[in-house]
Each structure stands twice: as structure tokens, then as C-alpha cells.
Amino acid sequence: MEAWQKALLAWYREQARTLPWRGEKDPYRVLVAEVLLQQTRVEQAMPYYRRFLERFPTLAALRAASLEEVLKVWQGAGYYRRAVNLHRLAQGVEALPRSYAELLKLPGLGPYTAAAVASMAFGERVAAVDGNIRRVLSRLFALEDPAPKALQDLAQRLLPQGEDPGVWNQALMDLGAMVCLPKAPRCAACPLRAFCQGQEEPERYPKPRRRAVREEALAALVLLGRKGVHLERLSGRFQGLYGVPLFPLEELPERAQAFGVAPRPAGKVRHALTHRRLEVQVYLAPWDGEGEDPWGKPLPKLMEKVLRQAQALLAHEGVVPFPHAKP
DNA sequence: AAAGCGGGGAT
DNA sequence: ATCCCAGCTTT
């Protein structure tokens, strides 16, 4: 083992974060943690991790649950396809496979998650490369824009012999999360400062990847039936969750005609996604149908905003359209 | 290789 | 306001 590797492991023994899934060996629990952590901050994932495992403590419990129950627990965590895939995975396998290659075949598991489960739960010697490790290795070796495969190969070569690969992967991740920060890295406190080729200009490694944020003009149609509001199961964006009809603003006339309603404007709602700014005009119309109480359904945050907007207007007019307004 | 897919915390 | 997070899937 090289000096810098020993230095990192020594630092990790002292400074490791204490997290609910640290030291976890149950592959199902590791899997749930890793899927929740995909593009999601540790602090945000934590409450979902506890709630999800309390409700679905085993793969069998998840298999026995309905998709809607699973999405209800996932509500608010974002990237809902993750929950759909996790549920589908539970239907598809009796038990989790024990190798990286087999894990990689499961829905929703890519190179990172398969490697994380294989190394942490099964001790397989495979490097898990997440955003933290990409940044740490880019700086350590002054790589401006390493290709994913090159990075994976590099990380694999760097795995120390005779060390728990799960511990090693997590040590690199903790360094990225606590010391080798994206902006304002704490190089003075870094156990690898004597070995780092990028510390003179850490902001240069890795080169930031920017994507344009685009504006999108949408309309949401809140149809008020006899018992509540008309809900659809959403596809594409917010896949699997429920909400009122949502479509490009210019489609409003044809959509209204298709439902046989004459909607009136009820204000607008803004919602930000990672690379989209949504401006949603809310429209309201009485509707010849049943409808339902939306608050018991798994709803994306955007739909909560839309429904609150509609409710606020109606409350102002003295109407209570659906029974249990969310507090 | 690039785009689509949530939500929220840090700066 | 912008960035980016223990990424994956589809095009």
C-alpha cells in the first residue's frame, strides 16, 4: 500500500461520518441507501432511508407492497423512476445477486450503485465512482475532464490490496464530502495534500459541466368533479405519481375541448428542476365527473403547489372543492 | 455524447 | 441566481 493510501485510511478512521448505513452488511439495506443517494444529498436521503426501511424492512416486504405504497413513501425525494425500478427489481429477483456483474443487470443499478452494493455488502474488490470520487481523483492527479471509463479504471487500480474495498470506497467519498469540497476545498486539512497534484488550482479539476437551464410554459387543468379533483397517473416527468393534467400552455384550447370544459385562469405557479424553469398557469373548471381527494395520493411537489394555488383561490370564494386540505 | 429526470442546501 | 449532490436510462 502506498503512503497516500495509508494516510487516507488513517484519516478515515479518525474522521469518518457516522451514517445510518455505515457498516451495514445487509445487501438490501445497502441497496436502498445507495439508490436513495443517487444525485441526492446525504442529509436529504436520511429521513427517507429510515422511513423506507421501517415500512419495507426486507426485499420480500417490498415485493409484497403495491407500487403506489412505495411511491407514497418516496414522495418528495425526487427522481421517482428510482422507486419504480426498486419495486420492479423486488418483483424480479428472489434475492439480491452477490456479484458486481449480476447487480449491474438489475433495473436502476448502474456502475456506481452496483459497485457500492458489491463492495460494501459483499466485499467484492470493485471501485464505486461517484461525484465525490470523480472530484477527488481529478484533483489528486490533475485531470481536467476524465472520461467515465478512464476514471473507473483508475479507481480500480487504486484499490489497496488487503483492505476492505467497501471501506476504501467510503473513505474516498468522505474525503470528497468533508474536505475536497467542490468550492472552497479545505486543502489545509487534507490528509492527501502532500500527494495532490491539483491543489494549486483545485477549481480547475474537474472541469465543471454546464447545461443550459431552459424555460418551459405549461398549463395545469384542475377539474372539479362531484367528489374532488380529476387526477391522472403521470408518465415521463414525475413518472408513476399522480397529478392534474399538465401540458404545454398552447395546448390549453384543445385539452379543454377534450374534457368539455371552459376553464378560467387561477393564477400561476413556478417550479424549478435541475435544468428547467417551469412556469405553470393554473386553470380551473367545473367538471362533470367524480374526481377524488388528491392529498392521499403520491404527488410531486409541483402538483402540491398547483393544488394549493387552486384551493387558495376557491377558499377566497368560499368554496371547499376537495375535503381534506393539506395543512 | 447529450438530454431527461426532482428537490433542496450551500454559496 | 447558480451549482451540484453516494447516477441511471434513453436517444
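These numbers come from a predicted model, not from an experiment. For the numbers below, each heavy atom of this structure counts, side chains included, while hydrogens, waters and symmetry mates do not. Quick note on labels: first sequence line is chain A, next is B, and so on, each numbered from 1.
A:Glu304 and A:Gln75 are linked by a side-chain donor-acceptor pair at a separation below 3.5 angstrom, with hydrogens and angles left out of the test.
A:Gln152 has its CD atom 13 Å from the C1' atom of C:dG7, to the nearest Å. The NE2 atom of A:His275 sits 13 Å away from the C1' atom of C:dG7 (whole-angstrom rounding). Note: CD (A:Glu203) to P (C:dC4) measures 12 Å, nearest angstrom. If you take CG of A:Asn169 and P of C:dA6, they are 14 Å apart, rounded to a whole angstrom. In this entry the distance linking CG of A:Leu103 with P of C:dC8 reads 12 Å, nearest Å. Atoms CG (A:Asn132) and P (C:dC5) sit 7 Å apart, rounded to a whole Å. Rounded to whole Å, atom P of C:dA6 lies 7 Å from atom CZ of A:Arg17. Residue A:Gln44 contributes atom CD, which lies 15 Å from atom C1' of C:dC3 at whole-angstrom precision.
Among the protein residues, A:Trp21 comes within range of the nucleic acid bases, having at least one heavy atom under 4.0 Å from a base atom. Looking at heavy-atom distances under 4.0 Å, A:Ala33 makes no contact with the nucleic acid at all. A:His271 comes within 4.0 angstrom of the backbone, heavy atoms only, and of no base. As judged by a 4.0 angstrom heavy-atom cut-off over every strand, A:Gly76 is placed among residues touching the sugar-phosphate backbone only. Within 4.0 Å of A:Leu278, counting heavy atoms only, lies no atom of the nucleic acid at all. Across all strands shown, A:Arg41 has heavy atoms under 4.0 Å from base atoms, whether or not it also approaches the sugar-phosphate. Contacts of A:Arg22 with the nucleic acid, taken as non-hydrogen atoms under 4.0 Å apart, include base atoms.
With respect to A:Arg237 and A:Glu216, a salt bridge is recorded, a charged nitrogen being found less than 4.0 Å from a carboxylate O. A:Glu68 and A:Lys297 are joined by a salt bridge, as a carboxylate oxygen and a charged side-chain nitrogen come within less than 4.0 angstrom of each other. A salt bridge links A:Asp174 to A:Arg22: at least one charged side-chain nitrogen sits closer than 4.0 Å to a carboxylate oxygen. Here A:Arg226 pairs with A:Asp288 in a salt bridge; the nearest charged N to carboxylate O distance falls below 4.0 Å. Salt bridge present: A:Lys105 and A:Glu102 bring a charged side-chain N and a carboxylate O closer than 4.0 Å.
Listed by first then second residue, pairs satisfying salt bridge (Lys or Arg N to Asp or Glu O under 4.0 Å) with a partner in residues 252-268 of chain A read A:Glu251-A:Arg255, A:Arg264-A:Glu317, A:Lys268-A:Glu279, not counting sequence neighbours.
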Please enumerate all protein N or O atoms sitting under 3.5 Å from an N or O of nucleotides 9-11 of chain C, with distances to 0.1 Å.
from	atom 1	to	atom 2	distance (Å)
C:dT9	OP1	A:Gly108	N	2.6

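Expressed to the nearest 0.5 Å, how far CZ of A:Phe195 lies from CD of A:Gln5 amounts to 10.0 Å. Note that CZ of A:Arg135 is 14.0 Å distant from CG of A:Leu143, once rounded to the nearest 0.5 Å.
Cation-pi check for A:Arg82 over A:Tyr79 is not met; the charged atom does not lie both under 6.0 angstrom from the ring centroid and within 45 degrees of its normal.
Two residues, A:Ala184 and A:Gln38, neighbour DNA chain B, and the one matched to the more 5' nucleotide by heavy-atom proximity is A:Gln38. Taking the nucleotide of DNA chain C with the nearest heavy atom to each of A:Val213 and A:Thr274, the more 5' of the two is matched to A:Val213.
Between the C1' atoms of B:dG6 and C:dC5, the separation comes to 12 Å (whole Å). The gap from the P atom of C:dA6 to that of B:dA3 amounts to 24 Å, rounded to the nearest Å.
OP1 or OP2 of C:dG7 has at least one side-chain nitrogen or oxygen of A:Gln39 nearer than 4.0 Å. One finds a side-chain N or O of A:Arg210 lying less than 4.0 angstrom from the OP1 or OP2 phosphate oxygen of C:dC3.
Mapping heavy-atom proximity under 4.0 Å, the span of DNA chain B touched by chain A runs 5' to 3' from B:dA3 to B:dG9.
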